[in-house]
K.L.:
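Pasting in a structure now, in structure tokens, and then I'll have a few things to ask.
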Amino acid sequence: GAVVSQHPSRVICKSGTSVKIECRSLDFQATTMFWYRQFPKQSLMLMATSNEGSKATYEQGVEKDKFLINHASLTLSTLTVTSAHPEDSSFYICSASPMTSGTQETQYFGPGTRLLVL
Amino acid sequence: DAKTTQPTSMDCAEGRAANLPCNHSTISGNEYVYWYRQIHSQGPQYIIHGLKNNETNEMASLIITEDRKSSTLILPHATLRDTAVYYCIAMEYGNKLVFGAGTILRVKS
């Protein structure tokens, strides 16, 4: 149980284009999903918290107009990197928490999406 | 959430127990100790978490000191596939996971 998937697993795009990454909780519902970014040899950095049916909450320094987050259902959140540039090349990882008794519990992570912008 | 301190790296012989320490001296009463690991180029994997009592599951055991200022993750019989970065995180339910640098565990044959 508690499986989170991401699609695509890797993507290469040209500078200036937009890329959409999907995050799905396969066997549970998640009111809250999280998006992280990880640069080589660094730790995970939280980008934003995605809440179903409401606007995402972005961490300081993360541009909300560049990284669009949509949490359309209790099992799907999407991250769109708009007008991608080479410096956006990174490993993007999502996580989700099963909701029980109204409290957020353990986060389970997706396998990650490697983005390379040429 | 409380800051945690972990050794940068550790080595362990295959088949032996791997004991990974974590200090969280400023942990509050509502904060759980979570352990995740990240194998190269994959998303983090949940291992175990606890509040006060020691915990055990199919992957590992978590030993938390009585004063809750430190804990140890124990992998009872390490294999080469356990080579990964291990993260110890103190977090209150409903808060955000903040990842530090973690401990690089290298299991050697």
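Reminder, nothing fancy here: chain letters follow the sequence lines and each chain counts from 1. Because the structure is predicted, anything quoted here is derived from the model rather than measured.
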K.L.:
Backbone N or O of Q107(A) within a donor-acceptor pair of the Y36(B) side chain at under 3.5 Å?
P.N.:
yes
K.L.:
By a 4.5 Å heavy-atom criterion (distance strictly below it), what part of S95(A) contacts chain B: side chain, backbone, both, or neither?
P.N.:
neither
K.L.:
If hydrophobic clusters are built from ILVMFWY residues whose side chains come within less than 4.5 Å, do I27(B) and L97(B) share one?
P.N.:
no
K.L.:
Of the backbone (N, CA, C, O) and the side chain (C-beta and beyond), which part of Y87(B) lies under 4.5 Å from a heavy atom of chain A, both, or neither?
P.N.:
side chain
K.L.:
Would you say S43(A)'s side chain and A101(B)'s backbone share a donor-acceptor pair under 3.5 angstrom?
P.N.:
no
K.L.:
To the nearest 0.5 Å, tell me how far Q45(B) CD sits from F109(A) CZ.
P.N.:
11.5 Å
K.L.:
Which atoms form the tightest heavy-atom contact between L44(A) and F99(B), and what is the distance?
P.N.:
O-CB, 3.8 Å
K.L.:
Is it the case that over 12 heavy atoms from other parts of the model lie below 6.0 angstrom from the CZ atom of R10(A)?
P.N.:
no
K.L.:
Of all of G100(B), G102(B), G43(B), which one pairs up most often with chain A through heavy atoms under 4.5 Å apart?
P.N.:
G43(B)
K.L.:
For Q38(B), is it the side chain, the backbone, both or neither that has a heavy atom under 4.5 Å from a heavy atom of chain A?
P.N.:
side chain
K.L.:
Which atoms of Q38(A) come close to chain B, meaning under 4.5 Å heavy atom to heavy atom: side chain ones, backbone ones, both, or neither?
P.N.:
side chain
K.L.:
Ignoring hydrogens, what is the shortest heavy-atom contact between Q42(B) and F91(A)? Give both atom names and the distance.
P.N.:
O-CE2, 3.7 Å
K.L.:
Rounded at 0.5 Å granularity, tell me how far OG1 in T106(A) sits from CE in M91(B).
P.N.:
7.5 Å
K.L.:
Hey, quick one: are Y36(A) and Y34(B) part of the same hydrophobic cluster, counting side-chain heavy atoms closer than 4.5 Å, chains of contacts allowed?
P.N.:
yes
K.L.:
Hey, any chance I89(B) and L51(B) share a hydrophobic cluster, counting ILVMFWY side chains that come within less than 4.5 Å of each other, even indirectly?
P.N.:
yes
K.L.:
Please check if the number of heavy atoms outside K66(A) that lie under 6.0 Å from its NZ is greater than 12.
P.N.:
yes
K.L.:
Given the options Q42(A), Q6(A), E59(A), M45(A), which has more heavy-atom pairs under 4.5 Å with chain B than any of the others?
P.N.:
E59(A)
K.L.:
Would you kindly confirm whether M47(A) and V19(A) end up in one hydrophobic cluster when ILVMFWY residues are joined by side chain heavy atoms under 4.5 Å apart?
P.N.:
yes
K.L.:
Answer yes if F34(A) and I69(A) sit in the same cluster of Ile, Leu, Val, Met, Phe, Trp and Tyr residues linked by side chain heavy atoms under 4.5 Å apart, and no otherwise.
P.N.:
no
